[in-house]
Amino acid sequence: MSLTHTQGHTGHVDFVGAGPGDPELLTLKALSAFETADVVLHDRLISDDILALAGQRAELVDVGKAGFGPSWKQDDINELLVEYTLRGKRVVRLKSGDPTVFGRLDEEIEAVEAAGMSWRIVPGITAASAAVASIGQSLTRRGRNSSVRFLTGHDMKGFADHDWAALARTGSVAAIYMGKKSARFVQGRLIMHGADRKTPVTLVENASRPDQRILSTTLDHLPSDLATAEMHGPALTFYGLAPRDAARALTEFNKELA
Ligand SMILES: C[S@@+](CC[C@H](N)C(=O)[O-])C[C@H]1O[C@@H](n2cnc3c(N)ncnc32)[C@H](O)[C@@H]1O
């Protein structure tokens, strides 16, 4: 058994979770990784406040990837990581939220390992944790749901397939990442598998950021309410959860739309 990943070179990669955007949700370990980094390769979703902290002494390189849109190819990002480490650089690979959640982390680790470089993971607060806090709810609750699913709305092949029958059962809770474009697809699949149309669905856009917005709706009205809301920022969709004070949240959102 091996407990270290160091294989004799000076280059090193820290895969760091930037959290959902609020710099106060960065870990102390993330901050100390910034202090020793030569270069920070970051995603598109990293907030300006966090980039300001990360770029105090390191070079910032944007390798942002947009869902469905133009993007850096994963192979190019892997190559860049390896190139910097081979030059003996300390690299921070800064990913939004937690790097282990829908972050294509393994592909990058494998590239760094193949080059014989050392690496470690610095966890961050994932979007689901920040978003659920903003609606005053808990991801699991005794007597309601003893499990919670983290789903992606789309994968490399298009809209992602899931265990719809299990999700359609009363009390199911899912945190759906990248779920805006697939909202109508998800709604259709769940209803087809017997989900109650009145199941609460909540979207939290820009969780933890000053421009955070909360949309409280139902499975039945999800596509139409989402279209009306015009959410352009990253959003986390909760299936099976309403804000603790759903009525108040809805009023605030509707006021903003007016
Ligand atoms: C490629 S995934 C990366 C997830 C990230 N690793 C994490 O743990 O949060 C990007 C998706 O995460 C969600 N997301 C990231 N930051 C968010 C935020 N501040 N508010 C709401 N959703 C967010 C959105 O669903 C977005 O499309």
Side-chain angles (χ1 to χ4, degrees), residues 14-27 29-30 40-51 54 62-74 77 92-109 121-137 139 148-160 162 173-183 185-186 201-217 222 226 229-239 241 243 249 253:
D14 280 333
F15 294 98
V16 176
D22 178 353
E24 289 194 26
L25 293 178
L26 272 172
T27 64
K29 212 167 253 230
V40 175
L41 269 54
H42 67 88
D43 285 345
R44 191 178 51 95
L45 287 181
I46 311 294
S47 69
D48 290 344
D49 289 345
I50 289 176
L51 289 181
D62 182 352
V63 292
K65 290 155 65 67
F68 288 138
S71 60
W72 269 66
K73 290 205 180 67
Q74 187 62 49
I77 297 174
V92 161
R93 176 67 177 102
L94 190 57
K95 289 173 177 284
S96 75
D98 183 274
T100 71
V101 179
F102 302 127
R104 302 190 69 171
L105 175 63
D106 299 74
E107 294 158 59
E108 295 181 16
I109 288 177
I121 299 171
V122 178
I125 292 183
T126 191
S129 299
V132 83
S134 77
I135 62 169
Q137 285 288 14
L139 284 171
V148 60
R149 289 177 169 79
F150 282 17
L151 311 178
T152 173
H154 65 83
D155 57 22
M156 284 152 84
K157 288 179 269 162
F159 295 146
H162 298 290
V173 172
I176 308 176
Y177 290 71
M178 298 166 278
K180 281 185 297 184
K181 287 200 172 84
S182 61
F185 170 81
V186 168
V201 175
T202 306
L203 279 98
V204 183
E205 182 191 32
N206 295 316
S208 87
R209 302 181 184 209
D211 50 357
Q212 172 179 289
R213 290 197 303 167
I214 295 166
L215 168 63
S216 172
T217 182
L222 171 62
L226 186 53
E230 290 190 29
M231 288 188 161
H232 302 298
L236 203 287
T237 306
F238 287 117
Y239 167 73
L241 284 182
F253 185 75

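Indexing begins at 1, ligand by ligand and atom by atom, following the structure's order. We count residues from 1, following the sequence as given.
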_Using side-chain heavy atoms (C-beta onward) and a distance below 4.5 Å, is P20 in contact with L25?_
yes
*Answer yes or no: is there a side-chain heavy-atom contact under 4.5 Å between L105 and R93?*
no
*asked:* Tell me whether K180 contacts the main-chain N or O of G233 through its side chain, where contact means a donor paired with an acceptor under 3.5 Å.
replied: yes
*asked:* Using the side chain to side chain contact (heavy atoms under 4.5 Å, CB included) definition, which of the options R104, E107, E108 pairs with I77?
replied: E108
*Main-chain N/O of S129 paired with T126 side-chain donor or acceptor, under 3.5 Å*: no
*Scan side-chain atoms only and decide if T100 and D98 contain a donor-acceptor pair under the 3.5 Å cut-off.*
yes
*Output the set of protein residues with a heavy-atom contact under 4.0 Å to ligand 1, ordered first by chain identifier and then by residue number.*
P20, L45, S96, G97, D98, V101, F102, T126, A127, Y177, M178, V204, N206, A207, R209, P234, A235, L236
